Amino acid sequence: MLGFIKKDLLLIKGNLKSLIFVILIYFLLMATGDFDISFIPPFLSTMIMLSTFSYDNYNNFDAYGITLPNGRRNMVLAKYLSTIILVIITTLLTYLASILISCFKGDAIDYLYLLNSMMMIIVATTFVIIFMYPIVFKFGIEKARIAIFVIVFGIAILGSILLPYLDLTNIINFLDNYGLVILPIFVIGFSLLSYFLSLKFYLKKEF
Amino acid sequence: MKNVIEIKNLKKSYKDNFELGPINLNIPSGLIIGLIGENGAGKTTLLKSILNVVKINEGSIKIFNKDFKKEENIIKEEIGVVLDNTFFPELLSPNDINIIMKGIYKNFDSNLFFKYLKDFNLNSKTIIKEMSKGMRKKLEIITALSHHPKLLILDEPTSGLDPVVRDEILELFQTFINDEEHSIIFSTHITSDLEKIADKIIFIDNGKVLLEDECQEILNNYGILKCSLEEFDKIDKDDIISYKKNKYNCEILINNRSKLKKKYKDFIVDKVTLEELMVLMIKGVKEC
């Protein structure tokens with residue numbers, strides 16, 4: 001399985017430059033003002049990992065990967081793990097940059113706030129993966145792009161219609177108090193569900 | 001002789017009405033098996049069915065005397081695969097392939113991999129995108145060989161390659177097969193490659209096995225009887241497998257060549273090539 005993770009990470013080697021560039025921009029914006037765009041590098045890394053599906057598709061790698069020992073299962077698991085590894089690394093780098101800048105500017109650092117904030121970003125990014133990957137494994141990357149667009153657009157419209165009628169104060173308070181404990185459990189649970197769903201789809205696929 | 005692959009009653013059908021099988025095959029170990037047939041005959045489907053890249057509808061497959069369904073992963077550790085389309089991600093280099101394969105095969109031998117790279121003049125740092133088709137194919141074949149497999153399953157491994165590279169690759173296959181435990185099954189349209197190295201031929205047409213025999217037996221026993229259009233009626237219909245009428249003459253595919261050569265002394269009876277055999281069996285007229 002390690003081989004498949006390495007394959008995905010080696011494939012995005014070329015994209016790392018742009019990821020570092022984004023982190024540098026973030027660094028610059030943080031240093032010159034109070035912009036908080038710390039969610040961008042982890043989200044970008046998810047998008048970059050999504051491109052490995054396109055590479056696999058373009059290079060006919062899936063058919064070959066299946067011929068390798070435990071190919072189907074390992075390819076699915078590797079996609080999840082390599083994405084999570086990259087998201088965690090980029091989140092850590094982003095926040096390390098944030099701490100360094102605060103030190104440089106002489107600002108007080110609220111570590112609990114940073115930890116909370118990091119956790120929320122990792123959770124949010126992981127939910128993107130949880131949602132997207134089963135669709136990609138079911139329909140293939142090309143069709144999945146359209147499906148994801150339609151679903152995200154639908155949720156956005158539905159959200160904007162319903163949001164004014166919803167009272168989220170209780171939920172926000174609850175997350176403020178228990179988020180650090182509850183969210184990881186949710187993330188792990190939904191990640192497993194998403195993984196098994198993707199696996200179920202991929203085990204049936206033919207190339 | 002032990003069987004490396006045993007296929008019983010394998011069936012695979014697609015929505016477009018193509019149906020492979022039922023296929024029953026016993027492939028002995030220590031041999032090079034050539035799989036021939038026209039495009040769409042079912043060669044790739046058969047190889048992909050063996051490898052579980054496509055799901056079979058019926059039947060059972062045993063490889064190394066192990067049930068493929070139950071012990072797929074153990075079996076795959078000992079199989080090297082080359083598929084018909086190039087499949088390594090173009091952005092990677094042979095160095096990257098080595099890193100990846102070490103994490104996939106328990107027995108991946110980096111020293112052997114780099115030795116093959118050197119033998120075949122492949123630069124370990126060149127990205128695959130910059131390689132020619134021949135270089136990519138060489139890389140795929142040496143990767144398939146570098147975890148010390150017992151069985152190579154190759155789909156069109158020599159297609160699109162120049163004769164020099166093809167010759168190098170065929171030599172590599174022959175070296176691999178020197179070990180009696182090793183076997184190769186490969187499909188190809190370049191039947192002359194099979195005439196050089198194959199021990200056994202499996203001829204597939206329209207999803208069914210049309211012919212399965214030792215390569216030399218086929219080349220010795222089958223023949224082409226050539227006669228003029230007027231002379232065609234002098235040939236005993238029972239001796240004709242199939243025939244093709246050209247503008248001025250007629251080519252008749254026969255079996256038992258040496259016997260019929262004596263019977264039809266006034267006619268030319270040539271040895272058949274696998275290509276001629278294929279064309280006459282598929283395109284030739286079978287009913288007289």
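By convention in this document, chain letters (A, B, ...) are assigned in the order of the sequence lines, proteins followed by strands, and residues within each chain are numbered from 1. Predicted model, so just to flag it, every value in this text is computed and none were measured.
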Which is it for B:Asp96 and A:Lys13 under the side chain to side chain contact (heavy atoms under 4.5 Å, CB included) test, yes or no, and what are the steps along the way? CA-CA 11 Å; B:Asp96 297 329; A:Lys13 212 166 42 174; 3.4 Å; yes

Test item: B:Leu83 and A:Asn60 side chains (from C-beta on) under 4.5 Å apart, heavy atoms: no

What's the shortest heavy-atom distance between A:Asn59 and B:Pro89, and which atoms? ND2-CA, 3.4 Å

Which portion of B:Lys102 sits near chain A, non-hydrogen atoms under 4.5 angstrom: neither

Do you know the tightest heavy-atom contact between B:Thr143 and A:Tyr64? CG2-OH, 4.2 Å

Which atoms of B:Lys12 approach chain A - backbone, side chain, both or neither, heavy atom under 4.5 Å: side chain

Contacting region of A:Phe4 [heavy-atom separation from chain B under 4.5 Å]: both

Taking heavy atoms only and a threshold strictly under 4.5 Å, list by residue number the residues of residues 199-207 of chain A that touch chain B; give 'none' if the list is empty. A:Leu203, A:Lys204, A:Lys205, A:Glu206, A:Phe207

For the interface with chain B, which of A:Ile5, A:Leu11, A:Leu2, A:Asn74 has the highest count of heavy-atom pairs at distances below 4.5 Å? A:Leu11

If you measure from CD1 on B:Ile97 to CG on A:Leu10, what distance do you get to the nearest 0.5 Å? 9.0 Å

Flag if over 12 foreign heavy atoms under 6.0 Å of CE, A:Met1: yes

Are there over 12 heavy-atom neighbours, none belonging to B:Phe18, within less than 6.0 Å of that residue's CZ? yes

Please list all pairs passing the side chain to side chain donor-acceptor pair (under 3.5 Å) test where one or both residues lie in residues 32-44 of chain B, with sequence neighbours left out. B:Asn39-B:His189, B:Thr44-B:Asp155

Just wondering, more than 12 heavy atoms not from A:Phe186 lying within 6.0 Å of its CZ? no

Which bit of B:Phe88 is near chain A, if near means a heavy-atom gap under 4.5 Å: side chain, backbone, both or neither? both

Which of residues 65-73 of chain A have a heavy atom under 4.5 Å from any heavy atom of chain B? A:Ile66, A:Thr67, A:Leu68, A:Pro69, A:Asn70, A:Arg72

Between B:Val54, B:Ile75, B:Thr86, the one whose heavy-atom pairs under 4.5 Å with chain A are most numerous: B:Val54

Just checking B:Lys2: does its NZ atom have more than 12 heavy atoms from other residues, nucleotides or ligands closer to it than 6.0 angstrom? no

Please report the shortest heavy-atom distance between A:Phe61 and B:Phe87, naming the atom on each side. CD1-O, 3.5 Å

Please output the residues of residues 134-146 of chain A in contact with chain B, using a heavy-atom cutoff of under 4.5 Å, in numerical order. none

What is the distance from atom NZ of A:Lys6 to atom CE of B:Met101, rounded to the nearest 0.5 Å? 12.0 Å

